[in-house]
Q: 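Structure provided below as structure tokens; questions to follow.
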Amino acid sequence: MPELPEVEIVKQSLDQKIKLKKINKVIIKNRNLRFKIPLKFEKNLINKIIKKITRFSKYLIINFTDNTFCIIHLGMSGTIHLVEESKKKIHTNTSFYSSQKLPIKHNHIKIYFHKLKMIYNDPRRFGFFKLVKNKNELLELFKNLGPEPFSKLFNLMYVCKYLRGKNKNIKNFLIDQKFVSGIGNIYASEILYLCKIKPTKRGKNLSKKECKKIIYFSRYILKKSIQKGGSTIRDFKNVLGYTGKFQNEFRVYQRENLTCPSKQCEGIIKKKFITNRSTFFCSVCQK
DNA sequence: AAGAGGCCCTGATAGC
DNA sequence: TGCTATCAGGGCCTCT
């Protein structure tokens, strides 16, 4: 469930470890990710040198020195692992399998550098890798995505205007990447809790003050989560490595039937399916 | 055109 | 024990 903060953590660690490295070899075990990996993929990557790793929304972008790019999306279960050539794992990302041990199944892509390899693991195969020829093609791919919460474009006028007259509920707006990009199902519940807004409230019924809160707390939650190394859900091995800590600070997510954490409130956290996605909220203090 | 819902996929878990 | 059903959720696609 990598949302913006988790992808940001992966980006930061990847950038540290593989910047300026040259790709020596690529091995694909399974091409059937969200988008089928073309046969020429390996050949196209060989000898490319990594300039830097950047991120937009939930997308990792490997920038090569020849001004081409490789976009990586982790889908819901994708993880990236870096392994020293001695087969000893030196680093893992933060989402599903923050185990010291490398997962055995579903290691679909292996990219080899000098004394280091990068492994892409993704049991559910909702993620993808895509090579991009130039900056224009990159912009084209992202053109339908709304601004990130941190962007100046995600401002009061934009939010009010976007929600005006809309019947759709605010929770679905928060996870709608055309409205704002980077927020997923977990953080949407957390943001609305801090805003004290009911997830089912229709866009058109939000006051200006509430729109302001949406902006403020979207930024607040994502920033806080990045500071804590993101959230690690279902970390069943629970060992060393780059395990996120923000899941310990969830106020409502997966806290059904617990009391509302707000001091003045004695409500009980409820779970409700909103368009097939679990949503958590306090029915007393969220209006 | 807005919005709802289906679908892709595997693994963990619950219930019988 | 082994079976089946349910849930997890990002994003694309179709249908109304």
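Here is how names work: the chains are called A, B, and so on, in the same order as the sequence lines, proteins then strands, and each is numbered from 1. Source: prediction; values computed, not measured.
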Q: Look at the side chain of A/R202 against the base of B/dG3 and say whether a donor-acceptor pair falls under 3.5 Å; ignore hydrogens and angles.
A: no
Q: Starting at NZ of A/K204 and ending at C1' of B/dG3, how long is that distance when rounded to a whole Å?
A: 13 Å
Q: On the nucleotide B/dG6, are OP1 or OP2 found under 4.0 Å from the side-chain N or O atoms that A/N276 carries?
A: yes
Q: Any chance you could pull the hydrophobic cluster mates of A/I71, using side-chain heavy atoms under 4.5 angstrom and chaining through other members?
A: A/F35, A/F56, A/Y59, A/I61, A/F69, A/F128, A/V132, A/L138, A/L141, A/F142, A/L145
Q: Would A/F126 count as stacking on C/dG11 if stacking means ring centres less than 5.5 angstrom apart and planes tilted under 30 degrees?
A: no
Q: Take atom NZ of A/K36 and atom P of B/dC8, then tell me their distance rounded to the nearest Å.
A: 16 Å
Q: Does A/H73 place a side-chain N or O at less than 4.0 Å from the phosphate oxygens OP1/OP2 of C/dG11?
A: yes
Q: Check this for me, if you would: do A/E42 and A/R31 make a salt bridge, where the nitrogen-to-carboxylate-oxygen distance has to be below 4.0 angstrom?
A: yes
Q: Measure the distance from CZ on A/R34 to P on C/dC13 and round it to the nearest whole Å.
A: 9 Å
Q: In whole angstrom, what separates A/H108's NE2 from B/dT10's C1'?
A: 9 Å
Q: For nucleotides C/dC3 and B/dC9, find the distance between their P atoms and express it as a whole number of Å.
A: 22 Å
Q: Compute the ring centroids of A/Y162 and A/Y158, then answer whether they are less than 6.0 Å apart.
A: yes
Q: Mind calculating the distance between CD (A/E3) and C1' (C/dG10) to the nearest angstrom?
A: 9 Å
Q: Just how far, in rounded Å, is P of B/dA2 from CG of A/N167?
A: 11 Å
Q: Hey, is the side chain of A/K105 poking within less than 4.0 Å of OP1 or OP2 on B/dG11, counting only N and O atoms?
A: yes
Q: Nearest-Å distance, CD1 (A/I175) to C1' (C/dA8)?
A: 13 Å
Q: C/dG11 base to A/R125 side chain: any donor-acceptor pair below 3.5 Å?
A: no
